[in-house]
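Below is one structure, written out as structure tokens, with a few remarks after it.
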Amino acid sequence: MANKKIVFFNGKFVPYEKAVVSVASHALNYGTGCFEGIRAYWSENRKKLFVFRLRDHVRRMKRSAKTLFLKLLVSEKEFCQVVVELLRKNKPKEDTYIRPLLFKSEEVIGKFDLRKLQDGFTIFTVPLGRYLNTSQGVKTIISSYRRVDDRTVPPFAKPTGIYLNTALAKTEALEKGVDEAILLNLDNSVAEGSAENIFLVKGGKLITPSLDQNILAGITRQTIIELAKRELNMETVQRKVMSKELFSADEVFLTGTGAEVAPVIEINRKKIGDGKAGKITARLQSLYFQIVHGENRKYSRWLTRI
Ligand code: PMP
């Protein structure tokens, strides 16, 4: 699936076929790992690839690793250099997803002292176009699965294992004929999409669940909060959001590295706003797309040019 070129694997650049793990590896059996998802955008105009907020993703992975007793043996700077080198080797000329994955590679069953398990580290790249329909918007349901609570497994650490929560919710949505799932917390407050943060627009304000709501501290979420403030003079209120608030919002949208800025046009078969992408969503989306494609110099500090 990866574009079968070069993969960074345990300290070396190797051909895709050589980056393999054992069936007995701890991570495969127990979901003990953490990962990142980074996007690089190909600009046809400038014949360049732009990696979006690389350093921020690396920083988040460092924190995740620490939380999960995983050892990231490279510095932030070295990590960024490896990503750049990998992209230089693979030379993608299309939008590309970069997947760093740090995991318990030890071949062992029934051993759970995370401090004493051997770690593996890989970075591979895959082509990635649109993950959700960002132009027409997405239809969603409120999932019957609840978001993993941080008193069980810390969802902010992007642990591989809890993506079963994402997969079950997403599958349920697709089975019901819609595109995406919105997950609630155990107390019926809104957490996030299956792999996206969520925003509401109401009376000229942005609202999004606060970081204590079992959400991932999304890098796109942070980007949108900053852009709304600087470019649209709109504040974002971060707080607990109850599920019924979604239905009376003027606009709802999802944000994520994969999902980008995707308007939500329907929840549980009910239209949001007038059932089309909202105006504020469209403005933020357009700003976001300009920036990630290197067409807005004001935010070029967020880009790594390849
Ligand atoms: N929540 C979850 C559960 C995710 O997997 C993602 C994707 N990484 C996001 C939110 C969005 O985060 P980001 O904007 O950093 O990609």
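Everything numeric here is computed off the predicted structure, so don't read it as measured data. Just follow the structure's listing: the first ligand is 1, and inside any ligand the first atom is 1.
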- request: Among Lys62, Lys66, Arg63, Glu78, find the one that has a side chain to side chain contact (heavy atoms under 4.5 Å, CB included) with Leu72.
  value: Lys62
Write out each pair where an N or O from ligand 1 and one from the protein are under 3.5 Å apart, with the distance.
unit_1, atom_1, unit_2, atom_2, d
ligand 1, 1 (N), Glu192, OE1, 2.8
ligand 1, 5 (O), Lys158, NZ, 3.2
ligand 1, 5 (O), Tyr163, OH, 2.5
ligand 1, 8 (N), Lys158, NZ, 2.9
ligand 1, 14 (O), Ile219, N, 3.3
ligand 1, 14 (O), Thr220, N, 2.9
ligand 1, 14 (O), Thr220, OG1, 2.5
ligand 1, 15 (O), Arg60, NH1, 2.7
ligand 1, 15 (O), Arg60, NH2, 3.0
ligand 1, 15 (O), Ile219, N, 2.7
ligand 1, 16 (O), Thr257, N, 2.8
ligand 1, 16 (O), Thr257, OG1, 2.6

- line: CZ of Arg53 to CZ of Arg60, rounded to nearest 0.5 Å, is 10.5 Å
- request: Give me the ring orientation class for Phe199 and Phe253: parallel if the planes are under 30° apart, tilted from 30 to 60°, perpendicular past 60°.
  value: parallel
message: My understanding is that only residues two or more places apart in sequence, or in another chain, count here; which of them pass salt bridge (Lys or Arg N to Asp or Glu O under 4.0 Å) with Arg269?
response: Glu266
- request: Run the salt-bridge test on Glu36 and Arg59 with the 4.0 Å N-O cut-off and return the result as yes or no.
  value: no
message: Strictly distance-based, threshold 3.5 Å: is any side-chain N or O of Ser25 a donor or acceptor partner for the main-chain N or O of Ser105?
response: no
